[in-house]
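Worksheet for the structure shown next.
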Amino acid sequence: MTYTMMAICGALWLLTTVAPRLTGVLELVPDLALHQPWRLLTGGFLYLGGSLLDISLGLLTIWIVGQAIEPAMGRRDFLLLYLLSLLGGSAAAVLWSRASHGSLLVSGASAAIWGMFGVLVTLRPKGWSKESTSGLWVLVGLNVLYVILIPTIAWQVKLGGFLIGLAAGVLVRTRGRAGRSTRALWLLLVPIVLTLGVAALP
């Protein structure tokens with residue numbers, strides 16, 4: 001699933017580079033997302049601006065974190081975590097935008113990545129020694145520093161994804177075995193739907 005998510009991001013980056021008009025249809029625009037709900041998901045696979053560096057760093061981060069998280073959660077639960085984190089980040093962006101009457105530039109898989117960071121905090125699978133995860137924690141720290149130093153980054157998306165990841169880690173841990181948490185993870189749709197419901201209020 002890690003490679004599949006990377007492939008989708010890479011393919012959409014190529015498509016939107018060749019056909020920029022697709023970006024306007026797929027990107028997460030908070031003011032449009034409530035009426036065009038596919039944007040809540042597709043926006044998390046787009047890397048805007050066409051920068052090769054941005055897409056390369058994004059894919060590298062997905063690969064590094066995915067290699068640690070997917071074996072621990074199982075393929076199916078990992079896919080669900082990834083997609084729910086994207087939706088959670090998008091819902092947070094929509095709510096903040098509607099509440100503050102502000103605008104956000106949302107780009108990339110940051111909500112999903114931060115969802116995986118959330119799982120790292122709560123889920124401690126067997127065999128994860130301090131040494132084996134030290135590089136992952138460095139990666140988390142660099143991402144936190146990145147958010148602090150660059151104020152234009154949509155931290156709301158990252159926060160939404162991170163909270164979903166925290167909750168997912170708790171659910172997976174309580175189930176005890178990888179691949180046994182799918183039904184429980186679907187419960188995370190509840191706060192996402194509620195967040196969007198609040199955002200839709202006049």
Side-chain angles (χ1 to χ4, degrees), residues 5 8-9 12-13 16 20-49 54 58 61-62 65 69 77-122 140 143-144 146-172 181-202:
M5 298 300 101
I8 294 172
C9 288
L12 283 179
W13 177 79
T16 53
R21 289 186 180 182
L22 279 175
T23 300
V25 178
L26 300 175
E27 67 181 322
L28 176 61
V29 180
D31 289 340
L32 299 177
L34 292 174
H35 305 290
Q36 299 175 354
W38 67 83
R39 293 177 182 271
L40 297 168
L41 198 59
T42 57
F45 289 98
L46 291 180
Y47 280 81
L48 306 178
D54 284 347
T61 305
I62 293 172
V65 186
I69 298 296
D77 287 356
F78 174 79
L79 175 61
L80 194 52
L81 163 70
Y82 194 100
L83 298 179
L84 287 171
S85 297
L86 284 184
L87 289 174
S90 296
V94 171
L95 178 60
W96 184 90
S97 181
R98 297 272 294 180
S100 65
H101 304 287
S103 60
L104 289 175
L105 177 62
V106 180
S107 176
S110 57
I113 291 169
W114 279 77
M116 289 187 276
F117 288 163
V119 167
L120 275 175
V121 172
T122 52
V140 173
N143 274 269
V144 172
Y146 192 54
V147 172
I148 294 172
L149 295 178
I150 305 178
T152 56
I153 288 179
W155 57 266
Q156 298 86 349
V157 175
K158 293 172 170 48
L159 178 61
F162 183 72
L163 292 175
I164 291 295
L166 284 177
V170 171
L171 289 173
V172 171
S181 311
T182 305
R183 289 184 181 178
L185 288 176
W186 281 110
L187 293 173
L188 296 176
L189 276 175
V190 174
I192 293 172
V193 171
L194 289 176
T195 299
L196 292 171
V198 173
L201 294 175

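Side-chain contact between Val25 and Gln36: absent, with no pair of heavy atoms (C-beta onward) separated by less than 4.5 Å.
Annotation: the span from Leu120 atom CG to Ile69 atom CD1 amounts to 4.0 Å, rounded to 0.5 Å. To the nearest 0.5 Å, atom CG of residue Leu95 and atom CG of residue Leu201 are 9.5 Å apart.
Listed here is the closest heavy atom pair of Cys9 and Ile62: SG-CD1, 4.2 Å. Contact between Ala111 and Gly89 at its shortest, heavy atoms only, is CB-CA, 3.8 Å. When all heavy atoms are compared, the tightest approach of Ser110 to Val157 is OG-CG1, 3.9 Å. Of all heavy-atom pairs spanning Arg39 and Glu27, the tightest one is NH1-O, 2.8 Å. Between Leu28 and Ser90 the shortest heavy-atom distance is CD2-OG, 3.6 Å.
Tested against Leu40 for a side-chain contact (heavy atoms from CB on, under 4.5 Å), the candidates Leu87, Leu34, Leu86 yield a single pass: Leu87.
A donor-acceptor contact shorter than 3.5 Å links the side chain of Arg98 to the backbone of Ala199. The closest donor-acceptor contact from the side chain of Trp114 to the backbone of Ser85 lies at 3.5 Å or more, if one exists at all.
Among residues two or more places apart in sequence or in another chain, the side chain to side chain contact (heavy atoms under 4.5 Å, CB included) test is passed with Leu188 by Leu84, Ile164, Ala167, Ala168, Leu171, Leu185. With sequence neighbours left out, Leu12 forms a side chain to side chain contact (heavy atoms under 4.5 Å, CB included) with Ile8, Leu15, Leu26, Phe45, Leu46.
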Exercise for review: Begin with the C-alpha distance, continue with both residues' side-chain angles, and end with the deciding distance and a verdict on side chain to side chain contact (heavy atoms under 4.5 Å, CB included) for Lys158 and Ile113.
Suggested key: CA-CA 8 Å; Lys158 293 172 170 48; Ile113 291 169; over 6 Å; no

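The aromatic rings of Tyr82 and Phe78 are tilted relative to each other, their planes meeting at an angle between 30° and 60°.
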